[in-house]
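No experiment lies behind these values; they were computed from the predicted model shown.
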Amino acid sequence: MNILFVSHDANRAGAQLFLMNIMKYLKSKGINMQLLLLDGGVLENEFSKICPVHYWNDDAHISNGLKRTFRKFVKGNEQNQIELLLEKLQQSSFDYIYANTIATSHALPLIKKYLSAPLITHIHELEFSIQLYSNKSDREFLFKNSTKIISCSRAVAENLITVHGVDENKTSIIHSFVDNEKILHRLSEANKESIKIKYNLPESCHLIGGCGNAEWRKGIDIFIQVINQILNTSNEKYHFIWIGVKKEGEYYEQVSYDIAKMGIGDKITLIEQTPDAIELINCLDIFTIVSREDPFPLVMLEAALAQKTMIGFEKTGGCSEFIEEDAGIIVPYLNTIAMASSIIKLNNNQIYAKHLGEKAKEKVLNLYSFENSVLKIEQLLASI
C-alpha cells in the first residue's frame with residue numbers, strides 16, 4: 001500500500017497531531033507513504049522522520065517573516081513548480097490520497113488532475129470553519145470526488161449531510177483521540193504544587209479554567225463573562241486560568257480591554273502556549289469548554305483523563321456529544337448565567353463533581369482510544 005497524505009500545514013494543533021499519529025502507526029505496519037504540505041510549521045521535522053515530505057510551494061517551509069519577500073521572486077514560477085512536483089508524485093503510483101481537513105480543498109482539483117488514486121478526505125471542521133477555510137467550488141469538488149469522507153465527530157457528519165448534501169453512505173465517523181497512555185503517565189508524574197508556583201497560581205483558591213487559541217471561535221470573551229457572573233454571585237475564593245493564549249492580535253486586545261474594564265485582572269491568569277498544558281489542566285477544579293464551535297476538542301479528552309469536571313455549551317459540536325448525560329454538565333448555548341451557576345453548584349457538591357470526572361475518564365478509556373480509531377481507519381482503507 002502506498003499513500004499520499006496531504007496536510008494544510010505542519011502547525012502543532014489537533015488535526016495535524018492526529019494525522020501524525022496515524023502516519024506513525026501505518027509506518028510501523030510497513031505501509032509506504034509520502035506527505036504533501038501545503039504550508040509549513042513547527043512539526044515539519046517530526047513529519048520528515050516518518051516519510052518524505054514535499055512542499056506545495058517552495059516557500060512553504062520558510063518562516064512567515066520571510067515569505068512575503070520570497071514570494072516576490074517565485075510568484076511567476078509558482079504554478080510551474082507545483083505542476084513539476086505533481087508530475088514527480090505521479091511516478092509513485094499512489095493507492096490512496098488522504099486529505100486532512102477542509103483547508104486542503106483548494107489544492108485537490110489540481111492534485112486529482114495528476115493523480116487518479118481514490119481520495120479519502122478527513123474533515124475536522126463544522127460549518128463556521130468550513131466557510132472560513134474553503135470556497136464553494138473547491139469544497140463542492142472535494143465532496144463530490146472523495147471516495148470516502150471521515151468525520152471526526154457525529155456533529156461533523158450531520159453537518160456535511162444536512163448542509164452540504166454529502167451522501168450518508170460516503171461518510172464514516174471516526175473520533176479523534178489523544179495518546180491516553182502518555183497523558184496518564186504525565187498526570188501520574190505531575191506535581192500540582194510546583195506547577196502552581198511556576199505559573200504564580202494561588203494555592204487556596206478554587207481554580208476554574210479553559211484552553212485554546214485567542215480566537216472568536218474558542219470563546220475566551222465568553223469565559224470572562226462567566227468569570228464576571230461568578231464573582232458577582234459567590235463569595236467563595238476563585239481564580240481563573242486560560243491556557244494557550246497567544247498574546248497578540250485584535251481579539252486578544254479586545255479580551256484584555258474587557259478584563260480591565262471589569263476590574264478582574266487579578267482574578268485571571270492568561271498563559272501562553274506551553275508544553276505544561278496537561279499539568280496545568282491537572283491543577284484545575286473545573287474545566288470549561290466555552291467554544292462557540294468545536295467539532296471534537298482534543299483538550300476535552302485530556303481534561304477527562306485528568307478526571308476534571310467539565311462544563312460546556314450545547315449546539316457547539318463534539319462537547320455535548322462526549323459529555324452526554326453522565327460525564328459533565330451541558331448548559332444552553334452561550335448561557336453564561338447557567339454556566340456560572342453550574343460551576344458554583346458543582347463547587348459546593350464535590351462528591352458529585354468527582355463522580356462526573358471519574359465517568360469522563362472511564363468514557364475516554366473505553367470509547368475514545370487510539371486503538372479504536374486507528375482500527376476503523378485500517379478497515380476503511382481495506383474496504384475501498
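Contact between Asn347 and Ile286 at its shortest, heavy atoms only, is N-CD1, 4.5 Å.
Between the side chains of Tyr96 and Asn2, no donor-acceptor pair is found at a separation under 3.5 Å. Looking only at atom types and distance, the side chain of Asn213 has a donor-acceptor partner in the side chain of Gln273 under 3.5 Å away. No hydrogens or angles considered: a donor-acceptor pair under 3.5 Å links the side chains of His8 and Thr101. For His239 and Asp266, the side-chain atoms include no donor-acceptor pair closer than 3.5 Å. With 3.5 Å as the limit, one finds a donor-acceptor pair spanning the side chains of Tyr55 and Glu44. Counted by atom type alone, Gln16 and Asp9 present one or more donor-acceptor pairs between their side chains at under 3.5 Å. A donor and an acceptor atom, one from each side chain of Asp138 and His106, are nowhere located under 3.5 Å apart. With no hydrogens or angles considered, no side-chain donor-acceptor pair links Ser134 and Ser105 at under 3.5 Å. Residues Gln131 and Glu127 bring a donor and an acceptor atom of their side chains to less than 3.5 Å of each other.
Between Ile50 and Lys27, the closest side-chain pair of non-hydrogen atoms falls below 4.5 Å. The closest side-chain heavy-atom distance from Ile130 to His164 is below 4.5 Å. Side-chain contact between Lys354 and Gln350 is absent, with no heavy-atom pair separated by less than 4.5 Å. With contacts defined as side-chain heavy-atom distances shorter than 4.5 Å, the pair Met339/Ile222 does not qualify. Using a 4.5 Å cut-off on side-chain heavy atoms (C-beta onward), Ile289 and Phe313 make no contact.
A salt bridge does not link Lys196 with Glu193: every distance from a Lys NZ or Arg NE/NH1/NH2 to an Asp or Glu carboxylate oxygen is 4.0 Å or more. Between Lys363 and Asp326 there is a salt bridge, since at least one side-chain N of the basic residue sits less than 4.0 Å from a carboxylate O of the acidic one. Ion pairing between a basic and an acidic side chain is recognised when a charged N comes within 4.0 Å of a carboxylate O; Glu279 and Arg186 show such pairing.
Across Ile241, Thr269, Thr274, a single residue satisfies side-chain contact (heavy atoms from CB on, under 4.5 Å) together with Tyr199, and that is Thr274.
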Next item on the list: Applying side chain to side chain contact (heavy atoms under 4.5 Å, CB included), run through Ile208 and Trp242 and close with a yes or a no.
Entry: CA-CA 9 Å; Ile208 314 300; Trp242 191 274; over 6 Å; no

